[in-house]
Amino acid sequence: MAKFYVTTPIYYVNDVPHIGHSYTTTTADALARWHRLVGDEVMFLTGTDEHGLKVQRSAEENGLTPQQQADNTSKRFSQTWTALSIEPDQFIRTTEPRHHEAVGKLLSKIKENGYIEKGSYAGNYCVGCEAYYTDADLVEGNCPIHERPVEWLEEDNYFFKLSAFEDRLREWINSGAIRPAGKASEALGIVELGLDDVSITRTSIDWGVQVPWDEDHVFYVWYDALINYVTAIGYGQDSPEFADWWANSHHLIGKDILRFHCVYWPAMLMAAGLEPPKHVDVHGFLLLGGKKLSKSGLTQIHPEDLIGEFGIDGFRYHFLRDVSFGPDSDFSYEQMVERYNTDLANTLGNLLSRVITVVGKKCNGVAPGSQADSPLAELAEKTVNIAAEAWNSTAPSVALDATWHLIRETNAYLGESEPWKMEEGSAEVSAVLGTALEVLRLAAILASPALVNTAPQIWQAIGLEGSPTDNVLDLDYKWGQYQGGAQLTAIEPLFPRIKPQA
RNA sequence: GGCGACGUAGCUCAGUUGGUAAGAGUGCUCGACUCAUAAUCGAGAGGUCGUGGGUUCAAGUCCCACCGUCGCUACCA
């Protein structure tokens, strides 16, 4: 049994969940479900990033402690994931004691290995960004992001010797760990420009993980946050499973944090004597009318607003099917409606309805089993192969597209065969309907990572026990496993068509 | 300025290492059907593959230039 460890970024608790977070997390959840479906042992991790000056300050503004501030927002994330049927195996919080312990151990290890040294840093500091800026970065003396004045800060810092890892990073990047390839070349570009050592601690704040060898310092929030990925699987706890999970690690990230995940993080791991991640899968931004959805932007769309209209599965299906993993993608309400009506209502939902009705009229309601020979057998077997390959390369849209191609072909097959015109109880009518039912059975399985709630409903509507995920999917799928014999009864439309709001 | 990405039917996008007469879905037009969620099926219209050069027997697919959009440019979640 193979292991599969998939992570999302941990989300900063100053930000409430929006569809950008949901996209990444839904994709990770679907990947986790696919791997479970094919029999892998899966660990799916998400969580929240809770340290840093911004949390400290907004807590003060709200009259809360930083921990209370973090608790409140962290809860909103976990509630949102529950609302979307996202089921992580772990929800990690960087304020957990086990994380502080892991951070201390990993960075101490790096220090022992000679890659952390003391230095000092002074510069223009923007509180909003929690970052230093050079004079050239400033716009009229203000932070270029927040357009507010910066503060001059000078502090003793510990520095990570990032510069020592240029060659090894180049080698790792060239090994194909970063996908898609275009993002790997972006990471390579960063390395090729030359890497300076980076400051990884702060003395100016105390809301963070304390540096074990110098209690005046806390780690800069990024260097604490990244370590969550190894905390969760037992780094520093002598966990016998740590090495196995880590050897199969897959980070899903947005392109905005590529530098940290594709350069700094692997270098930190190397410095600590660990392997870099097996894969980093980088996706683009969701755009709204061609503009970037940013947390400081006004265009915040919350998942809760959409699931009321599209349902959990409608929401998940849209993001998994319509967004090609990698490039930027335009989000629009109209497209979401169109996708829902076309694929879910017209193609899949309607196929289920018409098949059940014809079984009722021509087979006395008793479902015929699928037969060995069917014009759709070859396509169905090919579809499983395409889907498997697509999920393996983190391309949910390709997997679902292939699955829906099969469903569309089944609608066309019914149109040609016209079973409703055939003689009741005849061999022909059984053959045609048996084919359609086998496709529905298979489609329920293949769509289950996206349609987590409706796939089991399809399964039961065609008279099967349990749910499509009860058994491991054999990737060497052979046509003709639908048994038949069940009494089918009409159901309410699975995906009622949506009339777009004006 | 430097580096990089992208620009394929109205829309959203596929197009492996260059090679059968450019694809899919959707939308549109026409027709069919009426088992079905005003659904379904068929046919059709629709593209100088950003522009201009070049390499090649052959380029959407490689090279150069240009135009347009966007990202990164050293600690920007």
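In what follows, every chain begins at residue 1, and chains take the letters A, B, ... in the order their sequences are listed.
- A/D322 comes within contact range of no nucleotide atom at all, as no heavy-atom separation falls under 4.0 Å.
- The 12-atom threshold is not exceeded at CD of A/E389, counting heavy atoms of other residues, nucleotides or ligands nearer than 6.0 Å.
- If you check every strand for non-hydrogen atoms under 4.0 Å, A/N411 touches sugar and phosphate atoms only.
- Judged by distance alone, the side chain of A/T24 and the main-chain N or O of A/I253 form no donor-acceptor pair under 3.5 Å.
- Nucleotides B/U55 and B/A45 are separated by 36 Å at their P atoms, to the nearest Å.
- If you check every strand for non-hydrogen atoms under 4.0 Å, A/G349 touches a base.
- Note on A/A412: only backbone sugar-phosphate atoms sit closer than 4.0 angstrom, heavy atoms only; bases stay farther off.
- A salt bridge is defined here as a Lys NZ or Arg NE, NH1 or NH2 lying under 4.0 Å from an Asp or Glu carboxylate O, and A/D71 with A/R93 meets this definition.
- Heavy atoms of A/S353 sit under 4.0 angstrom from at least one base atom.
- Distance from the side chain of A/N346 is smallest for B/A39 among the nucleotides B/A36, B/A39, B/U26.
- Of the P atoms belonging to B/C66 and B/A5, the separation is 16 Å, rounded to the nearest Å.
- For A/W222 and B/A77, a side-chain-to-base donor-acceptor distance below 3.5 Å is present, hydrogens and geometry of angles not being considered.
- Counting non-hydrogen atoms under 4.0 angstrom, A/L494 reaches a base of the nucleic acid.
- Among the protein residues, A/K421 comes within range of the sugar-phosphate backbone only, with heavy atoms under 4.0 Å from sugar or phosphate atoms but none that close to a base.
- Contacts of A/G360 with the nucleic acid, taken as non-hydrogen atoms under 4.0 Å apart, are absent.
- Remark: the separation of the P atoms in B/G7 and B/C62 is 11 Å, to the nearest Å.
- Between B/C49 and B/U61, the distance separating the two C1' atoms is 10 Å to the nearest Å.
- The closest donor-acceptor contact from the side chain of A/W172 to the backbone of A/C262 lies at 3.5 Å or more, if one exists at all.
- Nucleotides B/C70 and B/A32 are separated by 49 Å at their P atoms, to the nearest Å.
- Rounded to whole Å, the separation between the P atoms of B/C28 and B/G10 comes to 15 Å.
- Straight-line distance between the P atoms of B/G1 and B/A21: roughly 43 Å, to the nearest whole Å.
- No engagement by A/Y11 is indicated, since no non-hydrogen atom pair under 4.0 Å with the nucleic acid exists.
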